[in-house]
Colleague: 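I have a structure here, written as structure tokens, and I will follow up with some questions on it.
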Protein chains: 2
Amino acid sequence: MMTSPTPRRRRDGTLRNDLVDAGVTLLRERGPDGLSLRECAAMAGVSHAAPSYHFKNIAGLATAIAARGFKLFCDAMTTRLDAASTAPQDRLNAICHGYLDFASEHPHLFLFIFSGQAFNEEDDDFSRHSTAAYAILRDTCGPFVPAGTAPEDIEILVWSLVHGYAHLTMTRKKDNPELVGSWPPLDALLKHLNKALETGG
Amino acid sequence: MMTSPTPRRRRDGTLRNDLVDAGVTLLRERGPDGLSLRECAAMAGVSHAAPSYHFKNIAGLATAIAARGFKLFCDAMTTRLDAASTAPQDRLNAICHGYLDFASEHPHLFLFIFSGQAFNEEDDDFSRHSTAAYAILRDTCGPFVPAGTAPEDIEILVWSLVHGYAHLTMTRKKDNPELVGSWPPLDALLKHLNKALETGG
DNA sequence: AACTTAACTTGACATTGTCAAGATAGGAAC
DNA sequence: GTTCCTATCTTGACAATGTCAAGTTAAGTT
């Protein structure tokens, strides 16, 4: 007999990563309720209880998946930022488009990380990437914060608008046949945002 | 023996309603993943398979719960509208506050109806109430639509901003200790919105 | 009084998350 | 090279869940 192609015991920690991969795939293929520890295990070619060594429970796996989501989220915004000029307005529009890129390309992960389910916020990976995402927002909004205004006022304004647009696009647009044809593009909203930040600044 | 206080067979359709009540309670007490057909049945005092007579499956119960959610959602906006003047700006701010009222008072239902899970959009109750919610938005935005602009441009702008704010408040604010203290009030964002709609009109 | 049917109940099955206990490989120690 | 150790799994069990099929009962109809 040949030796099995995947060694039965790996000492390199690849299983943990494979389980997250499997979880992401499951979410994509079966929707927000499709996550299953046992199926992730099966996909990774291990026994049903193997995940419990790497994750305390299914919430632990969910946190790891969410951490992956926030990482891809940062990547999407960074990619757009790298292609943008140094003009603040350009950079603001860039992260907004990056935000929407992420939601469009990974709708299952986007809905998952913003599902409201409790993740383990103390998890290193999770907090690192979710903090990084907010830092990108904060940096990009900086130039638009007028003196005497709290930075959060501008940050949450921008975040709310683009998040709401992305989230409604994913949750309500697709279900509402009347809206599909007339749904405005992101730029139609950014036009107003840019104006508000100009005159308000 | 006394006759049981709840008759074992009801012919008035109250069980269906009781099951939705139980589902709402379960969502509130156990979070977004806490819904269970068998527990709803137990709460309503019927056997574990009783719900299947009223709902095809758990997705059917979920749709009925979501319909209830959209109804409360409409109620929250209407309550604020009734207390507002006839000034368009007043009414716009009113529905935004109603939106946030609903999210604050029923966070579990708010997250549930915007969870991205597939509901049966052909369900009468569901489509009636979700359509009514959008109609309120449409009516209130009407006065702010400049000639030559698609109404949806304004509607989705307003909806995105308030939805994003409410949704982020429910999903990210509570988890992020750094943000809790500095989270701006809704009015801080509405100030910008009002200005954008003034000057843009 | 017999019949019909709406509104359930009972029982079974496969799937799930979780836990406890056992097994095994790969390296370290001697 | 044998013994031991420990990280990394496997096996087996259990209660809970959604779903289906079949049986039952009560409320009205005839």
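Residue numbers start from 1 in every chain, and the chains themselves are labelled A, B, ... in the order their sequence lines are given, proteins ahead of strands.
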Colleague: Rounding to an integer number of Å, can you tell me how far A/L35 CG sits from C/dT15 C1'?
Modeller: 14 Å
Colleague: Please report the distance, rounded to the nearest Å, between CG in A/L26 and P in C/dG17.
Modeller: 10 Å
Colleague: Roughly how far apart are B/F102 CZ and B/L109 CG, rounded to 0.5 Å?
Modeller: 5.5 Å
Colleague: Calculate the interatomic distance between B/D18 atom CG and C/dA7 atom C1'; express it in whole Å.
Modeller: 14 Å
Colleague: Quick check, are the ring centers of B/H106 and B/F110 under 6.0 angstrom apart?
Modeller: no
Colleague: Among the nucleotides D/dC9, C/dT18, C/dC8, which one has an atom lying closest to any side-chain atom of A/L37?
Modeller: C/dT18
Colleague: Would you mind telling me which of D/dC9, C/dC19, C/dG17 lies closest to the side-chain atoms of A/S36?
Modeller: C/dG17
Colleague: Within this structure, what is the CG-to-C1' distance between A/D33 and C/dG17, rounded to whole angstrom?
Modeller: 15 Å
Colleague: For D/dC20 and B/S52 - does any side-chain N or O of the residue sit under 4.0 Å from the phosphate oxygens OP1/OP2?
Modeller: no
Colleague: What about the rings of B/Y134 and B/F70, do their centers lie closer together than 6.0 Å?
Modeller: no
Colleague: Between atom CG of A/D33 and atom CG of A/L26, what is the distance when rounded to the nearest 0.5 Å?
Modeller: 12.0 Å
Colleague: Determine the interplanar angle of the A/F114 and A/H163 rings, folded into 0 to 90°, and report it as parallel if under 30°, tilted if 30 to 60°, perpendicular if over 60°.
Modeller: perpendicular
Colleague: Does B/Y53 place a side-chain N or O at less than 4.0 Å from the phosphate oxygens OP1/OP2 of C/dC8?
Modeller: no
Colleague: Both B/R38 and B/R16 contact DNA chain C. Which one's nearest nucleotide lies toward the 5' end?
Modeller: B/R16
Colleague: For DNA chain C, which residues in residues 54-63 of chain A have a heavy atom at a distance below 4.0 Å?
Modeller: A/N57, A/I58
Colleague: It should be established whether B/S47 places a side-chain nitrogen or oxygen under 4.0 Å from OP1 or OP2 of nucleotide C/dT10.
Modeller: no
Colleague: Got a second to check how far A/D187's CG is from A/L193's CG, nearest 0.5 Å?
Modeller: 11.5 Å
Colleague: How many whole angstroms separate atom NE2 of A/H48 from atom P of D/dT11?
Modeller: 9 Å
Colleague: Quick check, are the ring centers of B/F119 and B/F112 under 6.0 angstrom apart?
Modeller: yes
